[in-house]
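Reading through the structure tokens given below for one structure.
If you're wondering where the values come from, they're calculated on a predicted model, not measured in any experiment. Order of listing sets the numbers, starting from 1, for every ligand and every atom in it. Each residue takes its place number in the sequence, starting with 1.
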Amino acid sequence: MLLLAIESSCDETSAAVVRDGRQVLSNIIASQVDVHARYGGVVPELASRKHVEAISVVIDQALETAAIGLEAVEGIVVTRGPGLIGALLVGLSVAKAIAFARKLPLVGVHHIEGHILAPLLEEEVSFPYLALAVSGGHTHLYRVDGIGRYVLLGRTIDDAAGEAFDKVAKMLGLPYPGGILIDRLASGGNPEAIPFPRPLLHQKNLDFSFSGMKTAVLNYVKKQEGPIQGDHLHHLAASFQAAVVDVLCQKTLRAAEEQGLGRIVVAGGVACNSGLRTRLHALGGEKGLDIHFPSPVLCADNAAMLAVAGDCYLRAGISEPLDLNALASWPLDRAGREKWHPGEAKS
Ligand code: KG4
Ligand code: ZN
């Protein structure tokens with residue numbers, strides 16, 4: 001089955017053609033980063049407008065790269081939520097229009113569902129597994145028992161890890177989105193130079209907190225005389241990153257142990273972080289765990305990742321009415337239940 005997938009939940013407009021929910025024929029991503037960088041973060045209204053400008057071009061490119069015409073597409077999968085409501089509506093409206101015009105089945109997928117199933121586009125990962133979804137809006141641990149079968153185990157009680165990376169980068173005068181820049185700076189620094197706190201690390205639950213860590217960096221920066229630069233900047237980036245990575249790794253390993261899971265998937269934009277990749281592979285390797293990170297292009301926002309779930313739902317005969325609404329906030333476990341047990345989730 002050939003699916004056209006469309007993603008527009010935040011600041012990337014993306015369209016992909018995927019065969020049988022596994023083989024990516026194209027995955028076109030138009031980033032709006034340059035537009036938002038001058039404001040230091042995503043401006044929702046601008047994001048919606050840029051999606052409107054880009055969406056048809058991106059879809060055309062996805063079809064062209066896959067060397068197919070629209071008539072070959074057998075179903076449409078789109079991000080229904082969570083995300084910026086205006087941005088989501090652009091992708092959803094186009095998806096509905098194509099589904100209506102071509103009489104194709106349509107299915108709406110949860111953005112994080114896309115992220116945590118993305119490794120299946122590259123390799124076999126059997127269920128159940130533990131998923132750490134770590135992005136600009138999420139830092140959540142899920143038990144994944146199958147497609148649409150997700151159990152929330154822990155989550156951030158304040159900021160997401162990506163948000164903390166971006167805010168710390170901003171404090172240091174780095175452009176948005178700063179996560180990747182902190183990662184680069186960290187590689188030349190000493191991760192033990194500044195002892196930043198590791199919030200909630202020694203609490204038994206599987207929740208995270210990054211707000212205090214961010215404040216600790218702010219207090220440190222304020223105490224310095226003059227700008228932080230040179231080796232000092234590298235040490236600060238390395239120390240902050242080490243604190244985030246430490247908490248993410250320890251909580252993830254604890255969750256795997258508690259749940260008796262031998263496989264871990266890490267997904268979302270922060271899964272690109274080189275410190276997180278190296279440390280989790282090392283710690284997980286020592287425990288004989290099977291660790292999976294998607295390639296960077298499949299970690300960041302992209303449409304291909306939606307096709308894994310989309311293909312499964314459409315094959316099971318699950319499709320959506322054309323009055324489907326977008327959802328700015330939408331718990332993943334509920335989204336999964338809604339698919340397999342529509343009545344139960346509504347109650
Ligand atoms: O999944 P994503 O592309 O969009 C959301 O759904 O949020 O994640 C974006 C987040 C941003 O906060 C960005 O700074 C962060 O992922 N990020 C990184 C790295 N690459 C992207 N954070 C740390 N290290 C990186 N290498
Ligand atoms: Zn994302």
By number and element, which atoms of ligand 1 are closer than 4.0 Å to a non-hydrogen atom of [X]?
X: Ala300; answer: 3 (O)
X: Gly137; answer: 7 (O)
X: Cys272; answer: 20 (N), 26 (N)
X: Asp183; answer: 24 (N), 25 (C), 26 (N)
X: Gly162; answer: 12 (O)
X: His111; answer: 6 (O)
X: Ile180; answer: 19 (C), 25 (C), 26 (N)

### Query
Within the stated cut-off of 2.8 Å, is an N/O/S atom of His138 closer than that to the Zn ion (ligand 2)?
no

### Query
Hey, is the Zn ion (ligand 2) within less than 2.8 Å of some N/O/S atom on Cys10?
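Short answer: no, not a single N, O or S atom is under the cut-off.
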
Please write down residue, atom name and distance for the protein heavy atom closest to [atom].
atom: atom 15 (C) of ligand 1; answer: Val270 CG2, 3.9 Å
atom: atom 14 (O) of ligand 1; answer: Asp166 OD1, 2.6 Å
atom: atom 21 (C) of ligand 1; answer: Gly269 O, 3.4 Å
atom: atom 24 (N) of ligand 1; answer: Asn273 ND2, 3.0 Å
atom: atom 7 (O) of ligand 1; answer: Gly136 N, 2.8 Å
atom: atom 3 (O) of ligand 1; answer: Asp301 N, 3.3 Å

Are [X] and [Y] close enough that a side-chain donor and a side-chain acceptor fall under 3.5 Å?
X: Thr79; Y: His111; value: no
X: Ser209; Y: Asp158; value: yes
X: Ser126; Y: Glu124; value: no

### Query
What are the two closest non-hydrogen atoms of Val58 and Ile28, and how far apart are they?
CG1-O, 3.8 Å

### Task
Might you point out which heavy atoms bring Leu201 and Arg254 nearest each other, and give the distance in Å?
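Taking Leu201 first and Arg254 second, the nearest heavy atoms are O-NH2, 2.8 Å.
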
### Query
Out of Asn27, Val73, Ile59, Leu63, which one pairs with Val17 under the side chain to side chain contact (heavy atoms under 4.5 Å, CB included) rule?
Leu63

### Query
Any side-chain heavy atom of Ile116 sitting closer than 4.5 Å to one from Leu332?
yes

### Task
Tell me which N, O or S atom of Asp301 sits nearest to the Zn ion (ligand 2).
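Nearest to the Zn ion (ligand 2) within Asp301's N, O and S set: OD1.
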
#### Entry: From Gly179, Ala161, Gly83 - option closest to atom 22 (N) of ligand 1 by heavy atom
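Result: the heavy atom closest to atom 22 (N) of ligand 1 is in Gly179.
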
### Any N or O of Glu12 closer than 3.5 Å to N or O of ligand 1
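N/O-N/O distance below 3.5 Å does not exist for this pair.
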
